[in-house]
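Below, all heavy atoms of this structure are taken into account, side chains as well, without hydrogens, waters or symmetry copies. Indexing begins at 1, ligand by ligand and atom by atom, following the structure's order. By convention here, the first residue in the shown sequence is residue 1.
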Amino acid sequence: MDDTMNIYKEFFKLPGEYKAKFYSNDINKSCKIYSSSLSYDTDEVHYWRDTFTHRCHPLEEHIPSWPDKPTNYREVVSEYSIETRKLFNKILDMICKGLGLEKGYFEGELSKTHLISVNHHIPCPNPSLTLGMPVHSDPNLITMLQQGEVPGLQILKDGQWIGVKHIPHTLIVIPGLQLKVISNDRFMTPVHRVVTHPKEARTTIGVFLGPSPEFLIKPATALIHTEPVFRAFAYPEFLEAFVGLAKFDAQLALNHFRSKS
Ligand SMILES: O=C(O)CCC(=O)C(=O)O
Ligand SMILES: [Fe+2]
């Protein structure tokens, strides 16, 4: 965990000319760095962050697009990808047990997309003017976050923003909106945001598991007692509604997919 965090801290310190090779707002490009959001030019509000992201699975397919600096980037991040995937599978199997689904229910198409997304926030001279990341819920299946020592993540609970403490060598697990849909509304997906820090730079590593674009997502049959709460959809349709129609408002996006009764 420390090696991976150090790699990313080093990565963000690399000369701008090297990082500029990865700069892109193209949603179809896997390995890219961008500032604020993927729609910087049209957004009314900008966020105080640079994000570096790329796909991690299957490794052999994606490694050639990864950075070759710092020199051990590919080696360290490959191992991190393998280990986080194994941990995700364990957590998802525990979730299956808790929900009463057969072991391995989430394996395969429901968790095919595995990506890393690293947020880097430089110190912000006036944190009251901007957020490091907007208020949102994660749209994917499940997320794992490795936070550095600088605080910033907050979770909305009973109308109040609660800071998430940094505990060294822990990972924060965030159930995404697809888990809510598949569990037929039994899982809750937390609303969260990131505030900026006036003095210190902050780096966090997010690992995101999500469905393959072709697969049809719907509430698990075993969890439907009377009616499915949501209709079936493919993940790109969900993302389009989440980003375009709902502007990252999870409830609005979910309402779009609620079964009509
Ligand atoms: O940086 C953090 O602590 C949170 C990041 C996050 O919520 C996200 O990438 O979806
Ligand atoms: Fe998030």
Seminar exercise, completed: So CG of Asp185 and NZ of Lys180: to nearest 0.5 Å the spacing works out to 4.0 Å
Problem set entry | Neighbour count >12 (heavy atoms, 6.0 Å) for atom CD, Glu10 |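 Yes, the 6.0 Å shell around CD holds more than 12 heavy atoms from other groups.
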Donor-acceptor pairs under 3.5 Å, side chain of residues 152-163 to any protein atom, not counting sequence neighbours: which ones?
| unit_1 | atom_1 | unit_2 | atom_2 | d |
| --- | --- | --- | --- | --- |
| Gln154 | OE1 | Arg193 | NE | 2.8 |
| Gln154 | OE1 | Arg193 | NH2 | 2.8 |

Seminar exercise, completed: Taken in chain and number order and not counting sequence neighbours, the residues that satisfy side-chain contact (heavy atoms from CB on, under 4.5 Å) with Lys247 are none
Exercise. At the Fe ion (ligand 2), what angle lies between atom NE2 of His192 and atom OD1 of Asp138, rounded to 10 degrees?
Worked result: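 Angle NE2(His192)-the Fe ion (ligand 2)-OD1(Asp138): 90°, rounded to 10°.
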Show me the donor-acceptor pairs within less than 3.5 Å that the side chains of residues 98-113 make with the rest of the protein, sequence neighbours left out.
| unit_1 | atom_1 | unit_2 | atom_2 | d |
| --- | --- | --- | --- | --- |
| Glu109 | OE1 | Ser212 | OG | 2.6 |
| Ser111 | OG | Phe106 | O | 2.7 |
| Thr113 | OG1 | Pro211 | O | 3.0 |

Exercise. Which heavy atom of Pro67 sits nearest a heavy atom of Cys31, and at what distance?
Worked result: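 Here Pro67 and Cys31 meet closest at CD-SG, 4.3 Å.
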For this session: Might you list the protein residues in contact with ligand 1, defined as having a heavy atom under 4.0 Å from one of its atoms, sorted by chain and number?
Result: Asn119, Met133, His136, Asp138, Leu145, Gln147, Leu153, His192, Val194, Arg202, Thr204, Phe208
